[in-house]
Amino acid sequence: MEVFEGLDKEGLVILNGDDPLLFGLKDILPFRTLYFGIHNKDSNLLAHDIVFDGEAGSRFEILINGKKYGMHLPVMGEHNIYNALVAIAIGLEYDMEIVKIMEGLMSFESGNMRLNIFESNGIKVINDCYNASPASMNAALKILKDMDHTYRKNSNSR
C-alpha cells in the first residue's frame with residue numbers, strides 16, 4: 001500500500017478485482033478506483049468469453065460503455081489478459097479510441113526470453129527465463145498445460 005503514499009487524491013488506482021485483498025479495498029481508498037478482472041463480476045472491466053487459441057494467442061470480449069468489443073491478443077496466457085485489461089483501462093483514462101487500443105493489443109510482442117515459443121529438433125521449447133519468478137513459472141506451466149499436446153509421447157513408453 002506504500003505505492004499510494006505519493007498518489008494525488010485526484011489520482012486513479014487500477015486494481016485487480018480478482019484479488020480478494022485488493023477488492024476488499026473497494027469504497028475504502030480515497031482515490032478514484034477502477035477494478036479489472038476475469039472472475040469477479042463486480043469488476044469495472046471484465047473479460048469474458050475467453051478463448052485460448054494455443055500459440056495464436058487468446059481472444060476475449062469486454063463491455064465498454066454498454067458496447068461489446070472482441071479483443072485479440074497475439075500472446076498466450078491468462079496473465080496476459082490481465083495485462084491487457086490494465087492497458088485498456090489506461091487507454092480509456094487517456095481518452096484513446098477503443099479501436100487504437102485494440103490495434104495496440106493486437107500488435108503486442110513479448111520481450112526476449114518472455115514466453116518465447118520455438119521448435120528445436122522437433123521439440124517445442126517455452127523460453128520464459130527472463131527474471132523468472134514463481135508467478136511467471138506458474139503462468140508458463142498453465143500455458144504448457146493449455147497447449148496442443150498431440151505431438152507429445154507418453155514418457156512411460158519406451
Side-chain angles (χ1 to χ4, degrees), residues 1-117 126-147 149:
M1 302 308 294
E2 292 175 3
V3 72
F4 297 137
E5 290 175 9
L7 184 62
D8 183 278
K9 296 296 181 207
E10 302 300 315
L12 172 66
V13 177
I14 302 171
L15 299 174
N16 184 341
D18 290 343
D19 182 311
L21 179 64
L22 295 176
F23 196 75
L25 299 173
K26 187 171 174 55
D27 301 323
I28 294 174
L29 295 173
F31 314 104
R32 288 185 309 128
T33 307
L34 184 115
Y35 286 94
F36 64 90
I38 293 174
H39 306 290
N40 184 347
K41 305 277 189 242
D42 293 324
S43 296
N44 305 96
L45 287 176
L46 182 68
H48 55 90
D49 296 330
I50 297 170
V51 176
F52 295 107
D53 291 327
E55 291 177 61
S58 355
R59 293 176 282 131
F60 63 94
E61 290 190 347
I62 186 168
L63 191 65
I64 300 171
N65 298 325
K67 187 172 178 187
K68 196 181 282 191
Y69 294 91
M71 301 288 179
H72 173 259
L73 297 177
V75 291
M76 299 175 67
E78 183 177 88
H79 65 289
N80 280 316
I81 294 174
Y82 282 107
N83 293 338
L85 290 171
V86 174
I88 293 166
I90 292 169
L92 293 173
E93 175 67 10
Y94 284 96
D95 295 321
M96 286 183 67
E97 295 176 25
I98 190 64
V99 173
K100 292 290 186 190
I101 295 170
M102 292 168 69
E103 287 173 1
L105 291 174
M106 288 187 294
S107 68
F108 175 77
E109 294 179 12
S110 62
N112 193 26
M113 296 189 292
R114 292 180 186 254
L115 275 178
N116 301 126
I117 301 172
I126 300 174
N127 182 358
D128 191 39
C129 59
Y130 179 87
N131 199 18
S133 67
S136 69
M137 292 308 299
N138 187 40
L141 290 171
K142 282 182 181 178
I143 286 171
L144 180 63
K145 179 182 151 278
D146 291 338
M147 288 179 70
H149 291 90

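Keep in mind that this is a model prediction, so the values were computed, not measured.
Note that the CZ atom of R59 and the CD1 atom of I81 stand 10.5 Å from one another [nearest 0.5 Å]. Expressed to the nearest 0.5 Å, how far NE2 of H39 lies from CG of N16 amounts to 9.0 Å. Separation of atoms CD1 (I38) and NE2 (H48) is listed at 12.0 Å; rounding is to 0.5 Å.
Considering every non-hydrogen atom in both L73 and N80, the closest pair reads CD1-O, 3.4 Å. Of all heavy-atom pairs spanning A89 and L34, the tightest one is CB-CD2, 3.4 Å. Shortest non-hydrogen contact noted between K26 and Y35 is N-OH, 3.1 Å. What you find for F31 and D8 is that their closest heavy atoms are CD2-O, 3.5 Å. Between L46 and N40, the closest heavy-atom pair is CD1-O, 3.4 Å. In this structure, G17 and S43 approach most closely via the heavy-atom pair CA-OG, 3.7 Å.
The closest side-chain heavy-atom distance from L105 to I88 is below 4.5 Å. You'll find the side chain of V86 reaches within 4.5 Å of the side chain of F36, heavy atoms only. Using a 4.5 Å heavy-atom threshold, the side chains of I62 and L85 count as touching. Annotation: side chain of M102 is in contact with side chain of M71 (closest heavy-atom distance under 4.5 Å). Looking at heavy atoms from C-beta onward, Y82 lies in side-chain contact with D18 at the 4.5 angstrom threshold. You'll find the side chain of L15 reaches within 4.5 Å of the side chain of L29, heavy atoms only. Two residues are said to be in side-chain contact when any heavy atoms from C-beta on lie closer than 4.5 Å; L25 and T33 fail this criterion.
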Next on the checklist: Applying side chain to side chain contact (heavy atoms under 4.5 Å, CB included) to E97 and E103, what does each step give before you reach the verdict?
Outcome noted: CA-CA 10 Å; E97 295 176 25; E103 287 173 1; over 6 Å; no
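Within 6.0 Å of the CG atom in N65, the count of heavy atoms belonging to other residues, nucleotides or ligands does not exceed 12.
With D19 contributing its side chain and L22 its backbone, the two residues share a donor-acceptor pair below 3.5 Å.
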